[in-house]
2 protein chains.
Amino acid sequence: MRWLTPEEQRAWRGFVRLHERLGGRLGRLLQSESNVSPADFAVLVHLTDTPEGRQRYQDLARALEWEKSRMSHHIARMAGRGMVVREDCLEDARGAFVVITDVGRAAVEAAAPRHVEAVRELFLDHVTPAELRVLAELSERVIGKLDEDVS
Amino acid sequence: MRWLTPEEQRAWRGFVRLHERLGGRLGRLLQSESNVSPADFAVLVHLTDTPEGRQRYQDLARALEWEKSRMSHHIARMAGRGMVVREDCLEDARGAFVVITDVGRAAVEAAAPRHVEAVRELFLDHVTPAELRVLAELSERVIGKLDEDVS
DNA sequence: TAGACGTAGTTGACACTTCACCCAATGTCC
DNA sequence: GGACATTGGGTGAAGTGTCAACTACGTCTA
């Protein structure tokens, strides 16, 4: 059996740990300063990316890589807090839309600047452009391989 | 307000998404093929790293970067499944040890080879040694900065 | 040595995720 | 146009994580 070499371990562990740490910090920051969970924020950002501020459940689920059940539960909770509303789909009676509300829009707009600033402060500012390029390429390549595997 | 440049976005999004995807795949693999959750696996691996197969709750929590409460709940559940036992600490009556059982040992040993193989197949095989080095260095540097910030 | 403060771990309530299953609408193939 | 699989989404229960409060022990200091 082929175990990991020290360099492989170092890179793999570093990668995993870095994400845990950064994710934790950024998440707590969103929560405490803007009263929005990372999951809420992700949903809201994706909704504001569309011109109408609305998206099909499934498209949203694919974009966020969530299971449909998680999407359903989470949107129900967000709807309860007034950040989004559910809307039936006329073309396909099975389907439904998630639509961002004014409350939701206000929440993203309040949270986004601080979040971006934190990403910069905690991550981007400590990484060179060359490293960033390597990271981007590597990520895209590996994600591409993961996608191939499924098919 | 300074938004992210396209290259910054590409790297940041890629990084986050890569971790989500890889984590998801590896986690589901552990769960389905070895009947061990990623969290269980992490605990068991850390325990087998020590000669006695035992560690203080707090040390384990620090190593895994879990909150003490999560550790307490999770160990209770794992104990319920017979993978570990709780043991009182004689030197410090407040403290306690987590000790791996034979069942736990068998579980890691069954799961580890397949897991390592998957990390290789899904990640390491698609990344050059040079990229790996960049990733390791970058990760360690940024984690170091995160640690400084706290102090 | 009494009080104050810190540390190790626990607990319960609540929020979130997953799993397994349900249902209705749609597609497709004969 | 009827059988059958597929798709889009919902649901309840069980598993998991977080937060705040709590117990009990240890340590420091006046």
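Each chain gets a letter, A, B and so on, in the order its sequence line appears, and its residues count up from 1.
- Along DNA chain D, the nucleotide nearest to S72(A) and the one nearest to S69(B) differ in position, and the one closer to the 5' end is contacted by S72(A).
- Computed from coordinates, the E20(B) CD to dT17(C) C1' distance equals 14 Å when rounded to whole Å.
- Considering only side-chain atoms of A96(B), the nucleotide from dT26(C), dT16(D), dG9(C) that sits closest is dG9(C).
- Rounded to whole angstrom, the span from the CD atom of E67(A) across to the C1' atom of dG8(D) amounts to 15 Å.
- As a whole-Å value, the separation of R62(A) CZ from dT7(D) P is 10 Å.
- Between R86(A) and dG10(D) there is a side-chain N or O to OP1 or OP2 distance below 4.0 Å.
- Ion pair E7(A)/R10(A) not flagged as a salt bridge, since none of the NZ, NE, NH1 or NH2 atoms sits closer than 4.0 Å to an Asp/Glu carboxylate oxygen.
- Salt-bridge annotation for R120(A) and E117(A): absent, with no side-chain N of the basic residue lying under 4.0 Å from a carboxylate O of the acidic one.
- Salt bridge K145(B)/D125(A): absent, no basic N to carboxylate O contact under 4.0 Å.
- If you measure from atom CG of D59(A) to atom C1' of dG9(D), you get 13 Å, rounded to the nearest angstrom.
- The CD atom of Q31(A) sits 10 Å away from the C1' atom of dT18(D) (whole-angstrom rounding).
- We find that CG of D88(B) is positioned 12 Å from P of dG26(D), with the value rounded to whole Å.
- Along DNA chain D, the nucleotide closest to A93(B) and the one closest to K68(A) are compared, and the more 5′ of them pairs with K68(A).
- Ion pairing of R77(B) with D40(B) is absent here, as no side-chain N (NZ or NE/NH1/NH2) approaches a carboxylate O to less than 4.0 Å.
- One finds a side-chain N or O of H74(B) lying less than 4.0 angstrom from the OP1 or OP2 phosphate oxygen of dG17(D).
- Not a single donor-acceptor pair, N or O on each side, falls under 3.5 Å between the base of dT17(C) and the side chain of R70(A).
- Out of dG26(D), dG9(D), dT26(C), the shortest distance to the side chain of D92(B) is found at dG26(D).
- The side chain of R81(A) lies closest to dC16(C) when the candidates are dT11(C), dC16(C), dT7(D).
- One interatomic measurement links the two molecules: CD of Q55(A) to C1' of dG8(D), which rounds to 15 Å at whole-angstrom precision.
- Residue H126(B) holds its NE2 atom at 9.5 Å from CZ of R141(A), rounded to the nearest 0.5 Å.
- The nucleotide whose nearest atom lies closest to any side-chain atom of H73(A) is, among dG9(D), dT18(C), dG9(C), dT18(C).
- Picking from dG9(C), dG6(C), dT26(C) the nucleotide with the shortest atom distance to the side chain of R56(B) gives dG9(C).
- Neither OP1 nor OP2 of dA14(D) sits under 4.0 Å from any side-chain N or O of R77(B).
- For the pair A39(A) and Y57(B), nearest-nucleotide mapping onto DNA chain C gives the more 5' position to Y57(B).
- Aromatic ring orientation, W12(A) versus F123(B): tilted (interplanar angle from 30° to 60°).
- Set against dC16(C), dG6(C), dG8(D), the side chain of S37(A) has dC16(C) as its closest nucleotide.
- Between the CD atom of E87(B) and the P atom of dG9(C) there is a distance of 13 Å, given to the nearest Å.
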